[in-house]
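So that the names make sense, note that chain A is the first sequence line, chain B the second, and so on, each numbered from 1. Everything numeric here is computed off the predicted structure, so don't read it as measured data.
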Amino acid sequence: MDNARIADTFDHIADLLEFTAANPFRVRAYRNGARTVRDLGEPAADILADENRKLTDIDGIGKDLAGKIAALVAGDRVPLLDELTAKVPESALAMMRIPGVGPKKAAALFKELGIATLDELRAACEAGRVRGLKGFGAKTEQTILAGLSLAEQADVRMLWAEADVEAQRVLAHLRGYPGVRELEMAGSYRRGRETVGDLDVLAVADDVDALMDHFGKLDDLDTVIGRGDTKMSVRLGSGVQIDLRVVPEESFGAALQYFTGSKDHNVAVRSLAKKEGLKINEYGVYRGDEYVAGRTEKDVYATLGLPLFPPEIREARREFDWAAAGELPKLIEADDIVGDLHMHTHATDGRASIEEMAAAAKKRGLRFIAITDHSKRVSMANGLDAARALAQWKEIDEINARADDGFLILKGIECDILEKGGMDLPDDVLAEADWVVASVHYGQNQPREQITERILGALENPHVSAIAHPTGRIVNRRKPYEVDLEAVFAAAKKHHKFLELNANPHRLDLDDVACAAAKDRGIPIVINTDAHSTEGLGVLRNGILQARRAGLTKQDVANARGWTQMKKLLGK
DNA sequence: GCCGTTTTCGGCCCGACTGTTTTCAGTCG
């Protein structure tokens, strides 16, 4: 079993334990364990197989969790999981996804009324049976009915790029109220997570009530979930929840730090503060009752001797180790990228011409691009055969010859790795290209060994420059194709090839953990848009956010260098 | 369930808001 599945299992155990009213700290230990395994950066099986290392050396993994990981890796059953599964039906857990229903209420519904599915819960609410339960009332019943549809569309999180549209709209609306002195989005949106659940807005305002009234006039507002002295929550027609918090000016930095999270990052910060005899909450840093800091985030971190962490790395992974060593990486910026090496034109499934793509890229400040249309195997997209590819490259030569501004268009191709192995175009054709990205489009259901073999074969081909999407990952889709990523890393390193971080918000292949692992192994990443139109070039920022979350610097990203440098890396 | 320069027990981050209570538990972030 791989790390992701082990982590899912631990999270599932935590859900079940919560439902059975287990010790909350035991629940947290499983959640911590899940996160730790998910972020490991190498297969837990490798650590187990290494007699010089122990799983228990990892922070947060004790004897018990190490034993369960070993069992899962070996494919054995975990007795605790079987025991809990026998007690709690899967469908009952779904009740905890209803806003306002947590483990206690869900368990009460299950135990007292025998409700085990969302359908049964709806019926019970409509029959007025729920309000009779201790701790429940008519209002709770209404809340449940209203929240059922949300629970049924399990785990709908927006892509960051979609959340960004809403976020900008909300910020613009709030800025329309003149009494706003500070305004900032916090939460997972600010951390640049690939998906965002809800939006958190922080504000400092002259008149809190007036700002909240103004907030209530937001377009597309569906319901006001709650409104207090400092916090107001609303839900939009699109289902997005937005929380507005208004804080005093001297608390803005503390609140921004607090509500940006992540939760785990904050727990770690608070623990550090406690050791220093300080207390941190959303209002500031306190020594006893004395306010020490809170105006800016920088002030808050400084009281603990910590640097101002970029939001993208506040995940309680390695940022505190980096800070302690004084080695906080200077994360890559969008402006550092000087070339984009994966895009399509109307020769295949793109919508613009070579020159239109080049002009758009130039406008965005790039110095070079590679045109990488599909190869012939992708017949649906009218992929290029040898003759058409060579003709396109001739055209590119002519465009480059006419150009007088130093902008360079590389002759490229996204060449398919065939189902039976090998490339879709002959070597003598690929040899004519400046840049070849190899890609698995077909036979994605093959066994792991076979897909890995195909990719390794491509990496051995002297004309291949990069693997386009090394894991076939698509955000929000559960299963990418299965590949031995460690073997791919090793081959990429050996043959001096690049791995692509596909910046399309639906793909973001590699994920941040894989991206960090590639960095650790010294494999250069290229961040490409895979654009199919001139607007498509704009998705680059999604890739940048992903790279930043992985802790990548300018030095780790190959297309932050000029093409001459990249050619050297390829050994050309 | 994990952890330890107060170390094998007793802690484990902290506060707002809601609804159901009559002083607070549950939920959320």
Side-chain angles (χ1 to χ4, degrees), chain A residues 10 13-14 17-19 21-36 55-69 78 80 95-109 130-144 146-147 150 186-191 196-202 208 212 224-233 241-247 251 254-286 304 316:
Chain A
F10 282 176
I13 291 176
L17 283 172
E18 245 185 340
F19 196 93
N23 176 352
F25 296 107
R26 190 179 174 206
V27 174
R28 203 171 84 182
Y30 277 97
R31 296 230 185 270
N32 274 336
R35 187 175 53 86
T36 304
L55 284 172
T56 49
D57 290 339
I58 303 166
D59 218 24
I61 306 293
K63 210 174 135 197
D64 187 281
L65 291 185
K68 289 193 171 70
I69 293 171
V78 173
L80 173 66
M95 292 194 283
M96 293 201 291
R97 288 204 300 264
I98 300 168
V101 178
K104 295 280 160 47
K105 283 203 164 67
L109 290 164
V130 168
R131 72 185 68 177
L133 271 181
K134 187 171 162 25
F136 290 73
K139 193 92 185 215
T140 313
E141 219 169 56
Q142 284 312 304
T143 311
I144 291 173
L150 287 167
S188 56
Y189 169 77
R190 183 163 180 248
R191 299 203 310 282
V196 174
D198 53 23
L199 293 173
D200 297 290
V201 200
L202 285 177
V208 177
M212 286 187 176
V224 176
I225 299 168
R227 176 170 171 169
D229 294 338
T230 65
K231 180 186 166 183
M232 178 166 165
S233 299
Q241 182 177 331
I242 306 171
D243 297 333
L244 169 69
R245 288 183 175 81
V246 192
V247 298
S251 299
L256 186 57
Q257 193 283 325
Y258 187 96
F259 289 110
T260 296
S262 67
K263 196 176 168 182
D264 295 310
H265 174 88
N266 284 352
V267 168
V269 168
R270 261 156 244 291
S271 294
L272 285 173
K274 209 167 173 179
K275 278 180 198 147
E276 300 289 325
L278 297 165
K279 188 180 77 165
I280 301 188
N281 57 29
E282 59 262 55
Y283 296 107
V285 185
Y286 296 87
L304 299 171

Trainee: What N/O pairs connect the protein and nucleotides 8-10 of chain B at under 3.5 Å? Give each pair on its own line.
Mentor:
none

Trainee: Is there a Watson-Crick or G-U wobble partner for B:dT8 with both distances under 3.5 Å, and if so, which one is it?
Mentor: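 WC or wobble partner does not exist here.
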
Trainee: Could you go through nucleotides 3-7 of chain B and list every protein N or O atom that sits under 3.5 Å from one of its N or O atoms, giving the distance for each pair?
Mentor:
unit_1 : atom_1 : unit_2  : atom_2 : d
B:dC3  : OP1    : A:Gly60 : N      : 2.7

Trainee: Please name all residues satisfying salt bridge (Lys or Arg N to Asp or Glu O under 4.0 Å) with A:Arg227, sequence neighbours left out, ordered by chain then number.
Mentor: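 Residues passing salt bridge (Lys or Arg N to Asp or Glu O under 4.0 Å) with A:Arg227: A:Asp209, A:Asp213.
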
Trainee: Scan nucleotides 16-20 of chain B against the protein and return all N/O pairs shorter than 3.5 Å with their distances rounded to 0.1 Å.
Mentor:
unit_1 : atom_1 : unit_2   : atom_2 : d
B:dA16 : OP1    : A:Tyr283 : OH     : 3.3
B:dA16 : O3'    : A:Thr230 : OG1    : 3.2
B:dC17 : OP1    : A:Asp229 : N      : 3.2
B:dC17 : OP1    : A:Thr230 : N      : 2.9
B:dC17 : OP1    : A:Thr230 : OG1    : 3.1
B:dC17 : OP1    : A:Lys231 : N      : 2.9
B:dT18 : OP1    : A:Arg227 : N      : 2.8
B:dT18 : OP1    : A:Arg227 : O      : 3.4
B:dG19 : O3'    : A:Thr140 : OG1    : 3.2
B:dT20 : OP1    : A:Gly137 : N      : 2.5
B:dT20 : OP1    : A:Gly137 : O      : 3.3
B:dT20 : OP1    : A:Thr140 : N      : 3.4
B:dT20 : OP1    : A:Thr140 : OG1    : 2.8

Trainee: Taking distance alone, no hydrogens or angles, what donor-acceptor pairs closer than 3.5 Å link side-chain atoms of residues 274-285 of chain A to residues at least two apart or in another chain?
Mentor:
unit_1   : atom_1 : unit_2   : atom_2 : d
A:Asn281 : OD1    : A:Tyr283 : N      : 2.8
A:Asn281 : OD1    : A:Gly284 : N      : 3.2

Trainee: Report the residues that fulfil side-chain contact (heavy atoms from CB on, under 4.5 Å) with A:Lys263, sequence neighbours left out, ordered by chain and then residue number.
Mentor: none

Trainee: Set out, line by line, the N/O atom pairs under 3.5 Å between protein and nucleotides 23-25 of chain B.
Mentor:
none

Trainee: Side chain to side chain contact (heavy atoms under 4.5 Å, CB included), that's the test. Do A:Phe10 and A:Asn32 meet it? Break it down for me.
Mentor: CA-CA 9 Å; A:Phe10 282 176; A:Asn32 274 336; over 6 Å; no

Trainee: Take A:Lys105 and A:Leu65, find for each the nucleotide of DNA chain B with the closest heavy atom, and name the residue whose nucleotide sits nearer the 5' end.
Mentor: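 Final value for this comparison: A:Leu65.
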
Trainee: Determine the interatomic distance between P on B:dT23 and the same-named atom on B:dC28; round to the nearest Å.
Mentor: 26 Å

Trainee: For A:Arg270, give me all partners under salt bridge (Lys or Arg N to Asp or Glu O under 4.0 Å), at least two apart in sequence or on another chain.
Mentor: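 A:Arg270: no salt bridge (Lys or Arg N to Asp or Glu O under 4.0 Å) contacts found.
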
Trainee: Could you give the distance separating B:dG15 and B:dT22 at their P atoms, to the nearest angstrom?
Mentor: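 So the two P atoms sit 26 Å from each other.
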
Trainee: Can you sort out the partners of A:Asp59 under side-chain contact (heavy atoms from CB on, under 4.5 Å), two or more places apart, ordered by chain and number?
Mentor: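 A:Asp59 satisfies side-chain contact (heavy atoms from CB on, under 4.5 Å) with no residue once adjacent residues are dropped.
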
Trainee: For A:Ile98, which contact category applies under a 4.0 Å heavy-atom criterion: base, sugar-phosphate, or nothing?
Mentor: sugar-phosphate

Trainee: Could you measure between the two P atoms, the one in B:dC13 and the one in B:dC17, and give it in whole Å?
Mentor: 23 Å

Trainee: Could you pull out every donor-acceptor pair under 3.5 Å between side chains of residues 131-140 of chain A and any protein atom, sequence neighbours left out?
Mentor:
unit_1   : atom_1 : unit_2   : atom_2 : d
A:Arg131 : NE     : A:Glu141 : OE1    : 3.0
A:Arg131 : NH2    : A:Glu141 : OE1    : 2.8
A:Thr140 : OG1    : A:Gly137 : N      : 3.4

Trainee: Among A:Arg28, A:Arg31, A:Arg26, A:Lys105, which residue satisfies the salt bridge (Lys or Arg N to Asp or Glu O under 4.0 Å) criterion with A:Glu18?
Mentor: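 Looking at A:Arg28, A:Arg31, A:Arg26, A:Lys105, the match for A:Glu18 under the salt bridge (Lys or Arg N to Asp or Glu O under 4.0 Å) is A:Arg31.
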
Trainee: For A:Tyr258, give me all partners under ring-ring contact (aromatic ring centres under 6.0 Å, His included), at least two apart in sequence or on another chain.
Mentor: none

Trainee: Please enumerate all protein N or O atoms sitting under 3.5 Å from an N or O of nucleotides 11-13 of chain B, with distances to 0.1 Å.
Mentor:
unit_1 : atom_1 : unit_2   : atom_2 : d
B:dC12 : OP1    : A:Lys274 : NZ     : 2.6
B:dC13 : OP1    : A:Arg28  : NH1    : 2.7
B:dC13 : OP2    : A:Arg28  : NH2    : 3.3
B:dC13 : O2     : A:Arg270 : NE     : 3.2

